[in-house]
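Read the numbers this way: they start at 1 and go in the same order the structure lists the ligands and their atoms. Below, all heavy atoms of this structure are taken into account, side chains as well, without hydrogens, waters or symmetry copies.
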Amino acid sequence: MTEDNITFDYITRYIRRTLRQSDGIIAEMEEYAKENGVPISQPESIKMLELLIKIGNVKRILEIGTAIGYSAIRMAKAGAEHIDTIEINNDAAKVALRNIMAAELTDKIFVHQGDAKEVLPTLDGSYDLIFIDAAKGQYEEFFKHSMRMLKRGGILVSDNILYKGMTATDELVLHRKITIVKRLRKYVDMLCNHPQLETDILPLGDGVAISVKCCD
Ligand code: SAH
Ligand code: MG
């Protein structure tokens with residue numbers, strides 16, 4: 001296990017070898033992300049999202065944290081028809097728009113540039129799937145609006161929930177991350193005890209919580 005991985009390296013390497021090689025614009029975005037240090041979803045996490053979209057016939061998605069549009073584009077290609085995605089960083093949002101144009105998905109992916117805390121109250125769509133993948137210390141805030149807009153039977157995916165293992169054990173917690181870790185632990189606890197949700201925590205990528213809104 002290395003600092004960045006929540007599972008054994010040989011398992012991650014093995015699983016990644018089983019995934020199909022990306023090509024075209026997806027491969028270009030992966031290359032860009034690597035060169036520029038842009039965080040994008042781990043291969044096994046984005047694959048799981050694609051499967052959820054296909055299994056659940058997911059059409060409308062809300063994403064919090066666009067970065068360069070990598071996950072949004074992959075989710076649209078997996079079958080989503082309308083994706084609202086929010087990004088606070090202006091430069092990242094511009095790169096995302098460029099990528100969405102290059103992928104010819106401007107009719108499906110809508111980038112909202114701004115702080116999700118301010119953008120979320122202005123949205124009133126209803127979504128089959130909500131993907132929370134932005135500032136890790138603010139998930140609870142994003143969650144309030146997500147619950148309001150998530151359809152009954154809809155899926156909530158919260159990424160980076162194990163935060164390099166720090167959420168699970170004090171032994172790994174870096175001092176400067178302590179506030180975020182405390183908030184993530186509280187968030188996981190809330191998800192797992194929420195009366196309207198059923199949740200499972202998967203040790204995939206950086207830890208993914210999958211919840212289903214089982215009742216109103
Ligand atoms: N979902 C993307 C990766 C997102 S990385 C993918 O898999 O390809 C997280 C992004 O969240 C960063 O680009 C960061 O700028 C953005 N972010 C952080 N805080 C935010 C906030 N409060 N509102 C909106 N976006 C935010
Ligand atoms: Mg993430």
Hey, is Ile64 touching ligand 1 through its side chain, its backbone, both or neither, going by heavy atoms under 4.0 Å?
->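 The answer is neither.
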Could you pull out the atom name of the N/O/S atom in Asp133 that is nearest the Mg ion (ligand 2)?
->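 Considering only N, O and S atoms, Asp133 comes nearest to the Mg ion (ligand 2) through OD1.
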In Asp159, what N, O or S atom is nearest to the Mg ion (ligand 2), if we give its atom name?
->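 Closest N, O or S atom of Asp159 to the Mg ion (ligand 2): OD2.
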With rounding to the nearest 0.5 angstrom, report the [atom1] to [atom2] distance, [X] to [Y].
{"X": "Ile86", "Y": "Phe142", "atom1": "CD1", "atom2": "CZ", "answer": "8.0 Å"}
{"X": "Leu129", "Y": "Ile61", "atom1": "CG", "atom2": "CD1", "answer": "5.0 Å"}
{"X": "Arg148", "Y": "Leu150", "atom1": "CZ", "atom2": "CG", "answer": "11.5 Å"}
{"X": "Ile68", "Y": "Lys94", "atom1": "CD1", "atom2": "NZ", "answer": "15.5 Å"}

N-O pairing of [X] and [Y] below 4.0 Å:
{"X": "Glu50", "Y": "Arg74", "value": "yes"}
{"X": "Glu81", "Y": "Arg60", "value": "no"}
{"X": "Asp128", "Y": "Lys59", "value": "no"}

Test salt bridge (Lys or Arg N to Asp or Glu O under 4.0 Å) applied to Asp170 and Arg185, step by step = CA-CA 11 Å; Asp170 283 340; Arg185 287 178 181 168; 2.9 Å; yes
Give the residue and atom name of whichever protein heavy atom lies nearest to [atom], and the separation in Å to one decimal.
{"atom": "atom 9 (C) of ligand 1", "value": "Asp133 O, 3.1 Å"}
{"atom": "atom 14 (C) of ligand 1", "value": "Glu87 OE2, 3.4 Å"}
{"atom": "atom 18 (C) of ligand 1", "value": "Ala135 N, 3.5 Å"}

Closer than 4.0 Å to some heavy atom of [X] - which atoms of ligand 1 meet that?
{"X": "Glu63", "value": "1 (N)"}
{"X": "Pro39", "value": "3 (C), 5 (S)"}
{"X": "Asp115", "value": "21 (C), 22 (N), 23 (N)"}
{"X": "Gln138", "value": "22 (N)"}
{"X": "Ala116", "value": "21 (C), 22 (N), 23 (N), 24 (C)"}
{"X": "Gly114", "value": "23 (N), 24 (C)"}

Below 3.5 angstrom, do we get any N/O pair linking Ser41 and ligand 1?
->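 For ligand 1, there is an N or O atom that lies under 3.5 Å from one belonging to Ser41.
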Proximity winner for atom 8 (O) of ligand 1, if only heavy atoms of Ser71, Ser45, Ala96, Gly69 are counted =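 The nearest heavy atom belongs to Ser71.
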Can you tell which of Ile46, Ile88, Thr66 gets a heavy atom nearest to atom 17 (N) of ligand 1?
->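 Selected option, by shortest heavy-atom distance: Ile88.
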Just wondering, is there an N, O or S atom on Asn160 that's nearer than 2.8 Å to the Mg ion (ligand 2)?
->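 True for Asn160.
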Answer yes or no as to whether an N/O/S atom of Asp206 is found below 2.8 Å from the Mg ion (ligand 2).
->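 No, outside the cut-off.
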Locate the shortest heavy-atom distance separating Glu87 from Gly65; write the atom from each residue and the value.
->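 Answer, listing the atom of Glu87 first, then Gly65: OE1-C, 4.0 Å.
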Answer whether the closest heavy-atom distance between the side chains of Phe110 and Thr85 falls below 4.5 Å.
->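 In short, these two side chains do not touch, never coming nearer than 4.5 Å.
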For atom CZ of Arg183, decide whether the heavy atoms of other residues, nucleotides or ligands shown that lie under 6.0 angstrom number more than 12.
->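 No - once you tally the heavy atoms of other residues, nucleotides and ligands closer than 6.0 Å, there are 12 at most.
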